[in-house]
Q: 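Have a look at this one before I ask anything.
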Amino acid sequence: MKLYLAEKPSLGRAIADALPKPHKKHQGFIEVGNGDVVSWCIGHILEQADPDNYDDKYKRWQLDHLPIVPDKWQLKPKYKTKSQLSVIRKLVKQADQLIHAGDPDREGQLLIDEVIDYLNVDEDKKKRTQRLLISDLNRSAVQRALQQLQSNTAFMPLSVSALARSRADWLYGINLTRAYTIQGGKVGYQGVLSVGRVQTPILGLVVNRDDEINQFVAKPYYQVTADIQTKNSESFIATWQPSAACQPYMDDEGRVLVKSLAENVIQRITNQPAKVSTVKKEQKQQPPPLPFNLSALQIAAATQYSMNAKLVLDVCQTLYEKHKLITYPRSDCRYLPAEQHQQATTILKHLSQLDGPLSEAAINANSVLKSKAWNSKKITAHHAIIPTEKPSQNITLNSFEKNVYQLITRQYLAQFYPAYLYNHTKVDLDIAGGLFTASANVPKQIGWKCLYKKENKNNEADAVQYLPEINKGDILHCQQGNLLKKMTQAPKAFTDATLLAAMTGISRFVTDKQLKSILKATDGLGTEATRANIIELLFKRGFLKRQGKLIHATDAGKGLINALPEQCTTPDMTAQWEAMLNNISEKKSTYQNFMQPLSETIHDLVTIASSHLPTSLKGIKSSQKPAYMKKRRRKKNAV
């Protein structure tokens with residue numbers, strides 16, 4: 001008997017639906033027509049043991065217990081799903097062959113592997129375990145996946161990477177949270193000071209941004225433009241490009257801060273000849289944007305519909321599990337396998353029957369076109385989020401589901417439209433010895449941009465000007481110079497969209513130059529599956545707050561960041577860990593190479609926490625109470 005072990009009941013039902021009938025439904029599993037069985041976990045049915053599972057003394061939070069580093073790691077069954085674990089235990093013993101059907105990512109791989117290990121499956125059965133990768137819950141897609149089973153051992157590095165991540169989070173979170181909560185109590189802060197290797201640097205980003213905004217002082221700066229006229233009385237505007245000699249009068253971003261310098265330029269160029277020194281003409285093209293991964297989708301939904309990251313993830317799970325309208329949503333990939341292009345005709349046909357403008361877009365799409373998105377070499381365990389082959393016209397979606405589905409659909413349709421083509425012209429002018437430039441883009445083929453008309457209108461408020469036909473060596477006339485006074489702008493507070501963008505492009509916020517270059521290829525705080533929940537957690541724990549669309553740190557959040565050593569509050573360390581975890585999954589590093597130095601780091605950080613009181617939290621109140629305080633209060637009340 002084969003046992004298919006899925007990550008969730010919805011996935012289990014989808015697998016059973018693609019297997020021989022008749023089916024017999026039992027408590028916690030489905031028996032299919034050929035005698036094979038499909039069962040499932042309910043997410044993680046095992047979790048890391050608590051400190052007091054290792055030793056009763058850890059029920060009390062004391063500095064002299066830290067750091068807590070287990071000699072032999074333990075997992076324990078989650079209370080709510082113990083009965084399902086018992087079902088799986090019996091089925092695993094009866095099965096001749098195991099089929100691992102966890103979600104196609106790092107966590108999905110570990111989730112089933114840890115159950116197999118916990119149940120002490122013999123080594124022979126482990127080696128023969130096969131891996132089923134499903135990213136689309138529709139029957140035809142599941143049937144295709146069932147024909148492409150692989151050896152589960154090939155995915156062990158993914159599992160080891162996820163295991164290292166799980167244990168690292170436990171070590172970091174348990175030890176530093178206890179250390180700072182205890183120390184916070186000594187200065188009067190009665191809340192839990194939760195510290196995490198990902199959540200705390202995210203909080204640090206927000207605190208630092210708030211500080212930059214609060215400390216910002218606006219300064220004036222000056223730009224000079226020139227009104228240019230040709231011999232045929234055609235006109236355009238050119239912009240002054242300050243030379244190296246002007247640098248003493250400019251800021252780090254190349255803005256002129258001295259008004260008299262700009263006024264001197266205006267005086268020199270007014271009513272002067274303007275010689276064309278360079279004319280550069282190019283035909284350029286812009287390919288369609290790649291299909292979405294989860295973070296890119298969350299950013300788009302936040303920007304267009306003000307949906308927070310957690311809401312987008314929840315909606316995606318519904319579209320995937322309940323409606324089966326999209327492929328696996330917790331993807332970090334924006335590419336598609338080459339063979340997936342064969343399904344384009346069917347998908348486009350179904351999309352053409354949608355209500356609204358995307359129906360016409362699907363009718364006009366060219367299924368023969370193959371954008372750069374179809375690249376099998378870029379695929380790992382999963383691919384980009386796209387519509388499935390299932391028609392949606394008979395499915396009722398709420399407004400959130402409809403908006404997210406349309407975003408995914410439009411991004412997929414863009415792959416079947418030609419590139420956006422335009423002619424780009426750049427002109428350099430010499431006016432009284434100063435360099436002035438002007439440029440223009442003239443569209444030649446709108447291509448995929450026709451699907452984004454609304455966004456294009458918003459983005460083209462300051463449209464690039466028209467340039468008349470001019471040639472190198474032409475002598476034009478500068479009628480006058482214009483002084484533009486502007487003010488430097490404070491950094492903008494984070495929103496859901498920009499905070500997610502910061503997490504996915506974390507190298508921009510990393511201070512170490514060497515690490516910055518490494519992370520350009522492997523950056524990212526957290527994973528596609530965890531980012532939304534981590535942001536939400538910071539709100540629940542009272543460290544972040546919303547003001548309309550803007551995200552700010554609370555007093556408790558600021559106090560915590562100011563109490564911690566810098567290495568805990570910046571992305572450098574945790575981003576480096578993510579790169580190392582990625583190396584483990586790609587067989588470029590090992591579990592021990594990651595965990596040993598991490599344990600030493602934890603020890604050093606606990607020592608730092610123990611030797612300093614977090615005075616930045618003095619006078620700040622919290623409604624949360626540390627777990628150990630709650631227990632002692634209950635005992636007192638019981639007496």
Q: For Gln317 and Glu321: C-alpha separation, side-chain torsions, deciding distance, then whether side-chain hydrogen bond (donor to acceptor under 3.5 Å, both in side chains) applies.
A: CA-CA 6 Å; Gln317 284 299 128; Glu321 294 183 7; 2.8 Å; yes
Q: So, for Thr569 and Ile561, which heavy atoms are closest and what is the spacing to 0.1 Å?
A: CG2-O, 3.6 Å
Q: Is the backbone of Gly254 close enough, under 3.5 Å, to the side chain of Asp251 for a donor and an acceptor to pair up by distance?
A: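 Side chain of Asp251 to backbone of Gly254: a pair is present.
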Q: Between Leu11 and Ala101, which heavy-atom pair has the shortest distance, and what is it?
A: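 Taking Leu11 first and Ala101 second, the nearest heavy atoms are CD2-O, 3.0 Å.
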Q: Can you find a pair of side-chain heavy atoms, one from Gln48 and one from Asp169, that are under 4.5 Å apart?
A: no
Q: Could you tell me whether a side-chain N or O of Asp52 sits under 3.5 Å from a main-chain N or O of Tyr58, the two making a donor and an acceptor?
A: no
Q: Any side-chain heavy-atom pair from Pro571 and Leu205 closer than 4.5 angstrom?
A: yes
Q: Going by distance alone, is a donor N or O of one side chain under 3.5 Å from an acceptor N or O of the other, for Arg167 and Tyr591?
A: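 Judged by distance alone, the side chains do pair up.
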Q: Please round to the nearest 0.5 Å and tell me the distance separating atom CH2 of Trp170 and atom CD1 of Ile602.
A: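 It comes to 10.5 Å.
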Q: Is there a side-chain contact (heavy atoms from CB on, under 4.5 Å) between Tyr118 and Leu85 once you walk through the steps?
A: CA-CA 10 Å; Tyr118 184 80; Leu85 181 60; 4.0 Å; yes
Q: Would Asp103 and Lys8 pass as an ion pair if we require N to O under 4.0 Å?
A: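 So Asp103 pairs with Lys8 through a salt bridge.
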Q: Can you label the angle between the Phe594 ring and the Trp577 ring as parallel, tilted or perpendicular, going by 30° and 60°?
A: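 Taking Trp577 first and then Phe594, their aromatic rings stand perpendicular (interplane angle over 60°).
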Q: What closest approach, in Å, do Lys310 and Asn533 show between heavy atoms, and which atom pair accounts for it?
A: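 Of all heavy-atom pairs spanning Lys310 and Asn533, the closest is CE-OD1, 2.9 Å.
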Q: Give me the atom names and distance for the closest heavy-atom approach of Tyr328 to Ser331.
A: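 Heavy atoms only, the tightest pair is O-CB, 4.0 Å.
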Q: Give a yes or no on whether the backbone of Lys219 and the side-chain of Thr488 come within a donor-acceptor separation of less than 3.5 Å.
A: yes
Q: For the atom pair OH (Tyr189) and CG (Asp555), what is the distance rounded to the nearest 0.5 Å?
A: 10.0 Å
Q: Is the shortest side-chain N to carboxylate O distance from Asp117 to Lys126 below 4.0 Å?
A: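 Judged by the 4.0 Å cut-off on N to carboxylate O distance, Asp117 and Lys126 do form a salt bridge.
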Q: Do the side chains of Glu114 and Leu75 get nearer than 4.5 Å, heavy atoms only?
A: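 The answer is yes, as the side chains (C-beta and beyond) meet within the 4.5 Å cut-off.
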Q: Do Leu407 and Leu297 come close enough that some side-chain heavy atom pair is under 4.5 Å?
A: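 Leu407 vs Leu297: side chains touch.
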Q: In Å and rounded to the nearest 0.5 Å, what is the CD1 to CD distance from Ile584 to Gln592?
A: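 Going from the CD1 atom of Ile584 to the CD atom of Gln592 covers 10.0 Å.
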Q: Between Lys59 and Asp50, is there a side-chain heavy-atom distance shorter than 4.5 Å?
A: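 No. Closest side-chain heavy atoms not under 4.5 Å.
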Q: What closest approach, in Å, do Leu203 and Gly557 show between heavy atoms, and which atom pair accounts for it?
A: CD2-O, 3.8 Å
Q: Does any N or O in the side chain of His100 come within less than 3.5 Å of the main-chain N or O of Gln109, such that one atom is a donor and the other an acceptor?
A: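 Looks like yes, one N/O pair under 3.5 Å.
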Q: Quick one: pull up CG in Leu171 and CG in Leu598 and give me the separation to the nearest 0.5 Å.
A: 6.0 Å
Q: Quick check on Gln62: does its CD atom have over 12 non-hydrogen neighbours (other residues, nucleotides or ligands) under 6.0 Å away?
A: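 Yes, enclosed.
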Q: Quiz question: by atom type and distance under 3.5 Å, do the side chains of Glu401 and Thr318 form a donor-acceptor pair?
A: no
Q: So, Gln84 and Ser39: side-chain donor and acceptor under 3.5 Å apart, yes or no?
A: yes
Q: What I'd like to find out is whether the side chain of Ile213 reaches to under 4.5 Å of the side chain of Arg209, using heavy atoms alone.
A: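 Yes, close enough: below the 4.5 Å cut-off.
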Q: Is there a donor-acceptor pair closer than 3.5 Å between any side-chain N or O of Asp113 and the backbone N or O of Ser159?
A: no
Q: Kindly say whether Pro157 contributes a backbone atom to a donor-acceptor pair with the side chain of Ser161 at under 3.5 angstrom?
A: no
Q: Run the numbers on Leu311 and Val315 for side-chain contact (heavy atoms from CB on, under 4.5 Å), then give the verdict.
A: CA-CA 6 Å; Leu311 175 58; Val315 168; 4.0 Å; yes
Q: Please confirm whether the backbone N or O of Leu63 pairs with a side-chain atom of Arg178, one donor and one acceptor, at under 3.5 Å?
A: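 Pair absent, no side-chain N/O of Arg178 close to backbone of Leu63.
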Q: Are the side chain of Gln298 and the backbone of Ala309 linked by a donor-acceptor contact shorter than 3.5 Å?
A: yes
Q: Atom CD1 of Ile326 and atom OH of Tyr320: how far apart are they, to the nearest 0.5 Å?
A: 9.0 Å
Q: When you measure from the side chain of Asp122 to the backbone of Lys125, do you find a donor-acceptor pair of N or O atoms at a distance under 3.5 Å?
A: yes
Q: Is Lys57 salt-bridged to Asp64, cutoff N-O under 4.0 Å?
A: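 So Lys57 does not pair with Asp64 through a salt bridge.
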Q: Surrounding CD of Gln74 (heavy atoms of other residues, nucleotides or ligands, distance under 6.0 Å), is the total greater than 12?
A: yes
Q: Within 45° of the axis and under 6.0 Å from the centre of the six-membered ring of Phe155, does NZ or CZ of Arg131 qualify?
A: yes
Q: Would you compute the distance between atom CD1 of Ile45 and atom OG1 of Thr81 and round it to the nearest 0.5 angstrom?
A: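 That separation rounds to 5.5 Å.
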Q: Can you check side-chain contact (heavy atoms from CB on, under 4.5 Å) on Asn293 and Cys333, steps first, answer last?
A: CA-CA 5 Å; Asn293 59 16; Cys333 179; 5.7 Å; no
Q: Inspect the surroundings of NZ in Lys93 and state if more than 12 heavy atoms from other residues, nucleotides or ligands are less than 6.0 Å away.
A: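 No, NZ of Lys93 has 12 or fewer neighbouring heavy atoms, counting only those of other groups under 6.0 Å.
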Q: Looking only at non-hydrogen atoms, find the nearest pair between Leu5 and Trp40 and report the distance.
A: CD1-N, 4.1 Å
Q: Indicate yes or no: at least one non-hydrogen side-chain atom of Ser610 is less than 4.5 angstrom from one of Leu66.
A: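 No, their side chains stay 4.5 Å or more apart.
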Q: Please tell me whether Asn562 and Ser616 have a donor and an acceptor in their side chains that are separated by less than 3.5 angstrom.
A: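 Side chains of Asn562 and Ser616: no pair found under 3.5 Å.
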Q: Taking Thr177 for its side chain and Val195 for its backbone only, find out whether a donor-acceptor pair lies under 3.5 Å.
A: yes
Q: Tell me yes or no: between the side chains of Arg531 and Ser295, is some donor less than 3.5 Å from an acceptor?
A: yes
Q: Should we say atom NZ of Lys588 is surrounded by more than 12 heavy atoms from elsewhere, each under 6.0 Å from it?
A: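 Counting neighbours around NZ of Lys588, 12 or fewer heavy atoms of other residues, nucleotides or ligands fall under 6.0 Å, so no.
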Q: Assess whether atom OH of Tyr54 is packed by more than 12 heavy atoms of other residues, nucleotides or ligands within 6.0 Å.
A: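 Yes, because the 6.0 Å sphere around OH of Tyr54 holds more than 12 heavy atoms from other groups.
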Q: Determine, stepwise, if the pair Arg165 / Arg197 fulfils side-chain contact (heavy atoms from CB on, under 4.5 Å).
A: CA-CA 10 Å; Arg165 193 277 314 154; Arg197 71 174 184 94; 3.0 Å; yes
Q: Is any side-chain heavy atom of Leu605 less than 4.5 Å from a side-chain heavy atom of Leu176?
A: yes
